[in-house]
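Atoms within each ligand, like the ligands themselves, are counted from 1 in listed order. Atoms considered below: every heavy atom in the structure, side chains included; atoms not considered: hydrogens, waters and symmetry mates.
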Amino acid sequence: MAKLIAGNWKMNGLMASSHALASGLAEKVKAKPDRADVAICPQGPLIKDALAAVSGSPISVGGQDCHASESGAHTGDTSAALLADLGCSCVIVGHSERRADHGETSEQVKSKAEAALKAGLVAIVCVGETEAERDAGQTETVVGQQIDGSLPEGGTPQTVVIAYEPVWAIGTGRTPSLEEIGAVHAFVRSRAQESQGLGDGLRILYGGSVKPGNAADILAIPGVDGALVGGASLTVGDFWGIIENCP
Ligand code: 13P
């Protein structure tokens, strides 16, 4: 299975900078298309331009969130149906920044993931413990509950991806050890199997301070099927440095 390297641009980029980033990346990926499956997730209003910038390359474009409903009176939200209509192929749901900033519960994340599947999008479902939870030895309890609560009904390894992102590793330059990452990924796979029968062939990404310098080691861990990258997805050099380092 090819690794999936997905860039979560978060709330970064304006028209010119995001166009340059997407088209610069498209050139790199077109020249070496076999390194990995590559996706970028820009802010909603940048998606259409990003799709144009990567057209003719194998790069997929995705959203960073979607609403659970197909349409309706939900000011400020974006439907999965619109993301699909624009040409997106995936959407991130349940990122820890949305769980923290918007109080999203696993129940809501599950509904969003189900809306994504209904619209024909791959749902990238995020889970991960805080530093306090890890220090208290609760990583598996917390991540297990998030998996049980957030995975959509009726998903398959083709339509669901899990991203394990320890909250304390996001944007901090700190990561768990390679052994710790491997252990949580093995746990995530077995729990996804128990919970939704999704273990075999499921792609489980690691996210949290993935950089060109640590990507080769992290991506070589058994059970790590790719990376969800924040800060280092914001320059062509760093993001390509990660893609190029795929084992
Ligand atoms: P960083 O790569 O900046 O740590 O962010 C990870 C992340 O949150 C991706 O969704």
If we only count N/O pairs under 3.5 Å, is Gly207 in contact with ligand 1?
no
Output yes when the distance from some N or O of ligand 1 to some N or O of Lys10 is under 3.5 Å, and no in every other case.
yes
Check: Glu27 side chain, Gly24 main-chain N or O, donor-acceptor pair, under 3.5 Å:
no
min-distance protein heavy atom vs atom 7 (C) of ligand 1 -> Glu165 OE2, 3.1 Å
Which bit of Asn8 is near ligand 1, meaning a heavy atom under 4.0 Å away: side chain, backbone, both or neither?
side chain
Can a salt bridge be assigned to the pair Lys112 and Asp65 using a cut-off of 4.0 Å between side-chain N and carboxylate O?
yes
Rounded to the nearest 0.5 angstrom, the CD-CG distance for Gln43 and Asn12 is 7.0 Å
Ligand 1 N/O within reach of Ala232 N/O, cut-off under 3.5 Å
no
Checking the N or O distance criterion of under 3.5 Å, is ligand 1 in contact with Ser209?
yes
Met1, CE atom: more than 12 neighbouring heavy atoms under 6.0 Å:
yes
If we count only N and O atoms by modelled type, under 3.5 Å, do the side chains of Ser106 and Arg99 hold a donor and an acceptor together?
yes
Heavy-atom distances under 4.0 Å are what count here, so tell me which part of Ala169 touches ligand 1: side chain, backbone, both or neither.
backbone
Regarding ligand 1, does Glu97 bring an N or O atom to under 3.5 Å of one of the ligand's N or O atoms?
no
Minimum heavy-atom distance Pro212-Ile242, with the two atoms named:
N-CG1, 3.6 Å
Can you list the atoms of ligand 1 that are under 4.0 Å from a heavy atom of Gly208?
4 (O), 6 (C)
Any Lys/Arg nitrogen of Glu131 or Arg174 sitting under 4.0 Å from an Asp/Glu carboxylate oxygen of the other?
yes
Do ligand 1 and Val229 have nitrogen or oxygen atoms that lie under 3.5 Å from each other?
no
